[in-house]
There are 2 protein chains.
Amino acid sequence: MADINNKTPGDDEIRQAIELLFFAYRDFVADPDKVLADYESPKGSLGRAHHRVIHFVGRNPGMTVAELLQILQITKQSLARVLRQLIDEGFVVQERGPEDARQRLLYLTAKGEALETALSTPQRARFRRLFEKAGPEASRSFRTLLLELINEDERDQVLTLIARKQQTSP
Amino acid sequence: MADINNKTPGDDEIRQAIELLFFAYRDFVADPDKVLADYESPKGSLGRAHHRVIHFVGRNPGMTVAELLQILQITKQSLARVLRQLIDEGFVVQERGPEDARQRLLYLTAKGEALETALSTPQRARFRRLFEKAGPEASRSFRTLLLELINEDERDQVLTLIARKQQTSP
DNA sequence: TAAACTAAGTCAATATGGCTGACATAAATA
DNA sequence: TATTTATGTCAGCCATATTGACTTAGTTTA
């Protein structure tokens, strides 16, 4: 009776993994949500969308708007509101591209870096606890499986992105 | 220079895991999103919120509204709109609780089951591919680490929930 | 060089999924 | 009986996303 709804053997483990991913992600994003809720900014509050921008710009200083759009997979109109707010409030600055002057290269300000740290600290703590408990082998295997969960045609791109060495500031 | 922004050793692996989780979840939820986009219902379209309800009611037939709220961690007003739509369109039915007549026990209809299958099929396929490639040991370790990513005080509850044996229909 | 394309920004309208607060009903319990 | 609990509902608000149309400036190409 336990397998009443399972289509093939192993489906129960698969379903459990699907639910675990849901709960893990739910708690994982709840950390920075709490930080943002406490953070009162002048022009409207900051949300998850701002967090994602802060994260990726912090990690990839000098990235273009187009690159950011590709990562977030949202429309430029959606990004516009968020990015405008972050720029207006001094978390992010833009520089015109030295090669291609149409591009706007994005950087965090010191204020932006501070927010990035505040947001990522609880998330890093969550993973650090995990990796310390599980050991290096399981941790490596965890990252490998996460990577293979990503659409096949984007894996190389993601690998390149996350392995990219940190560049210097503007 | 590679560790310029790292606070402690291992931070680079941690940051990579954080980004991988973001991308993995992004692609993971994109599967059912596509299914839902194709699914034209009479009174407004269905979204992720409906998917989550369909999933958990499908997995836990006879669950109460309170249990569902606890899992989703949203307000009852947020759930109300989604649940009302699913009931009105015949995906979900309610039964008054036999012990406690205030409760409304939730079940999927045949139509609801069909939608659940359509939504979960691509997600299951994604995980099946993964688990077949990685082998049982890595797969087990993956689930263990996902579980430990969840808030400590909720882990037992989640374990109980996902390990629960499938019950019979109303 | 003129035409075409590209990177980015903007305006407007709309959908979805959350939230708070207030209040209602019915059933269980102290 | 009085209170608490499970659920539902109304109203308004906010954050995040969408599509479509259009602009500006800079690059590329025919």
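Letters A, B, ... are given to chains in the order of the sequence lines, protein chains preceding strands, and every chain is numbered from 1.
Taking atom CG of residue A:Leu36 and atom P of nucleotide D:dA15, one finds them 12 Å apart after rounding to whole Å. Atom CG of B:Leu69 is separated from atom P of D:dT9 by 14 Å (rounded to the nearest Å). A straight line from CG of A:Leu46 to C1' of D:dT16 spans 14 Å, rounded to a whole angstrom. The nearest whole Å value for the distance from the CG atom in B:Asp88 to the C1' atom in D:dT9 is 13 Å. The CG-P distance, from A:Asp33 to D:dC14, rounds to 18 Å in whole Å.
Checked against salt bridge (Lys or Arg N to Asp or Glu O under 4.0 Å), A:Asp27 has no partners two or more places apart in sequence or in another chain.
Taking only side-chain nitrogens and oxygens, A:Arg81 never comes nearer than 4.0 Å to OP1 or OP2 of D:dA15. Taking side-chain N and O atoms only, B:His50 has no distance below 4.0 Å to OP1 or OP2 of C:dT16. At D:dT7, none of the side-chain N or O atoms of B:Gln94 fall inside 4.0 Å of OP1 or OP2 (strictly under the cut-off). Put simply, B:Arg96 has no side-chain N or O that comes within less than 4.0 Å of OP1 or OP2 on D:dG8. Phosphate contact (OP1/OP2 of D:dC14, side-chain N/O of A:Ser45, threshold under 4.0 Å): absent.
Under 4.0 Å is where a charged nitrogen must lie from a carboxylate oxygen, and between A:Arg143 and B:Glu13 no such pair does. Between B:Asp11 and B:Arg15, none of the side-chain N atoms (NZ, or NE/NH1/NH2) sits under 4.0 Å from a carboxylate O, so this pair counts as no salt bridge.
The minimum heavy-atom distance between A:Ala138 and A:Ala134, with the atom names listed, is CB-O, 3.6 Å.
Mapping B:Ala66 and A:Asp100 onto DNA chain D via the closest heavy atom, the residue that lands nearer the 5' end is B:Ala66. Nearer the 5' end of DNA chain D, as judged by each residue's closest nucleotide, is the contact made by A:Ala49, out of A:Glu99 and A:Ala49.
A centroid separation of 6.0 Å or more is found between the aromatic rings of A:Phe23 and B:Tyr25. The aromatic ring centroids of A:Phe28 and A:Phe22 lie 6.0 Å or more from each other.
The aromatic rings of B:Phe142 and A:Phe142 sit tilted relative to each other, their planes meeting at an angle between 30° and 60°.
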TODO: Could you encode protein contacts along nucleotides 18-23 of chain D as a string, one character per nucleotide from 5' to 3', using B for base contact, S for sugar-phosphate-only contact and - for no contact, with a heavy-atom cut-off of under 4.0 Å?
DONE: BBBB--

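Using modelled atom types and a 3.5 Å distance limit, the side chains of A:Glu116 and A:His51 yield no donor-acceptor pair.
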Provide a list of protein-nucleic acid N or O atom pairs under 3.5 angstrom, restricted to nucleotides 4-6 of chain C.
from, atom 1, to, atom 2, distance (Å)
C:dT6, O4', A:Arg102, NH1, 3.4
C:dT6, O2, A:Arg102, NH1, 2.7

TODO: Start with the C-alpha gap between B:Ser141 and B:Thr144, add the side-chain angles, then the distance that decides, and say whether side-chain hydrogen bond (donor to acceptor under 3.5 Å, both in side chains) holds.
DONE: CA-CA 5 Å; B:Ser141 147; B:Thr144 304; 6.0 Å; no

